[in-house]
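Shown next, in structure tokens, is the structure this report addresses.
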Amino acid sequence: MKYDKKKYAEHLSGMVKFPTVSNVDPDKLPTEEFLKMHKYLEEIYPLVHKHLTKEVMGKCGLVFHWKGTGKSDKLPILFCAHQDVVPEGDHSKWKYPPFSGTVAEEKVWGRGTLDTKGGLWAMLQAAEELAEAGYVPMHDVYFFSACTEESDGSGADLVSTVLQ
């Protein structure tokens, strides 16, 4: 696997450009922005979408399941992140616009880079590169990404139904 800093920055930058701002009122959740981001993930992670199953939980939560070979007696593992972000506040206080995904000063700038679109990026990027190398886990692996963590945390209840 080749470390490609430019590609990694572009992928995370692209994710940050979607204003997936959480809202306690489910009717005001910007579902269309989440679904656009899901399409973007399909484009940048084609092998994840080919080798893992994907289920949309609720309006826009994601669960990816990577079926293991069964050669291990270990229990499945779950990795979690979330797609939603808190409101960006006063734009004048941002060094770069919060949903620009600006790549500058050897960083990706914007709402969600650290909490936790960056985590979602890391999980899917690792899975994509491992799939590209032909890796198949010995036991099942799940990647979960909620869309309501910042508002009510209801995604955890949803994913628990899948993992029972």
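FYI, side chains are in, hydrogens and waters are out, and symmetry mates aren't considered; it's all heavy atoms of this structure.
Distance alone, capped at 3.5 Å, is enough to place a donor-acceptor pair between the Ser100 side chain and the Thr102 backbone. Ser22 contributes a side-chain N or O that, together with a main-chain N or O of Ser151, makes up a donor-acceptor pair within less than 3.5 Å. When atom types are taken as modelled, the side chain of Arg111 and the backbone of Val86 share a donor-acceptor pair closer than 3.5 angstrom. Looking at Asp84, its side chain does come within 3.5 Å of a backbone N or O of Glu150 through a donor-acceptor pair.
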Criterion salt bridge (charged side-chain N to carboxylate O under 4.0 Å, His left out) on Glu33 and Lys36, from CA distance to verdict: CA-CA 5 Å; Glu33 292 300 330; Lys36 287 179 196 174; 3.4 Å; yes
Lys5 and Glu106: CA distance, side-chain angles, deciding distance, salt bridge (charged side-chain N to carboxylate O under 4.0 Å, His left out) verdict: CA-CA 10 Å; Lys5 185 177 173 181; Glu106 297 192 25; 3.4 Å; yes
Verdict with reasoning, Ile44 to Lys7, per side chain to side chain contact (heavy atoms under 4.5 Å, CB included): CA-CA 10 Å; Ile44 63 174; Lys7 176 177 74 175; over 6 Å; no
Residues Tyr142, Val63; criterion side chain to side chain contact (heavy atoms under 4.5 Å, CB included); working and verdict: CA-CA 7 Å; Tyr142 291 88; Val63 178; 4.1 Å; yes
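Inter-residue side-chain proximity for Glu42 and Lys39 is flagged as met; some heavy-atom pair is nearer than 4.5 Å. Counting only heavy atoms from C-beta outward, the side chains of Lys117 and Val85 approach each other to under 4.5 Å. You'll find the side chain of His82 stays beyond 4.5 Å of the side chain of Leu120, heavy atoms only. Between Glu88 and Pro19 there is no side-chain heavy-atom pair separated by less than 4.5 Å. Residues Phe143 and Leu52 are in side-chain contact: their nearest non-hydrogen atoms beyond the backbone lie under 4.5 Å apart. Residues Lys54 and Val48 form no side-chain contact, since every pair of their non-hydrogen atoms from C-beta on lies 4.5 Å or further apart. Using a 4.5 Å heavy-atom threshold, the side chains of Leu41 and Leu62 count as touching. Considering only heavy atoms from C-beta on, Val103 stays 4.5 Å or farther from Glu10 through its side chain.
In this structure, OG on Ser13 lies 13.0 Å from CZ on Phe99, to the nearest 0.5 angstrom. With values rounded to the nearest 0.5 angstrom, Phe144 atom CZ is found 9.5 Å from Glu149 atom CD. Taking CH2 from Trp109 and NZ from Lys95, the interatomic distance works out to 4.5 Å, rounded to the nearest 0.5 Å. Note that OH of Tyr3 and CD of Glu129 are 10.5 Å apart. Values are rounded to the nearest 0.5 Å. Atom CE of Met37 and atom CD of Glu32 lie 13.0 Å apart (nearest 0.5 Å). Within the model, atoms SG of Cys60 and CG of Leu29 stand 5.0 Å from one another, a figure rounded to the nearest 0.5 Å.
No side-chain donor from either of His65 and Glu55 sits under 3.5 Å from a side-chain acceptor of the other. A donor atom on one side chain and an acceptor atom on the other are found under 3.5 Å apart for Glu105 and Tyr96. Defined by atom type and a distance below 3.5 Å, a donor-acceptor pair is present between the side-chain atoms of Gln125 and Tyr45. Donor-acceptor pairing under 3.5 Å is lacking for the side chains of Lys59 and Thr148.
Counting all heavy atoms, side chain and backbone alike, Ser72 lies closest to His139 at OG-CD2, 3.8 Å. Summarising the geometry of Val108 relative to Thr113, their closest heavy-atom pair is O-CG2, 3.4 Å, with the distance given to 0.1 Å. Here the closest heavy-atom approach between residue Gly14 and residue Tyr40 is recorded as CA-OH, 3.4 Å.
Within 6.0 Å of NZ in Lys74 there are 12 or fewer heavy atoms belonging to other residues, nucleotides or ligands.
Between His49 and Phe64, the two ring planes are perpendicular [angle over 60°; tilted spans 30° to 60°].
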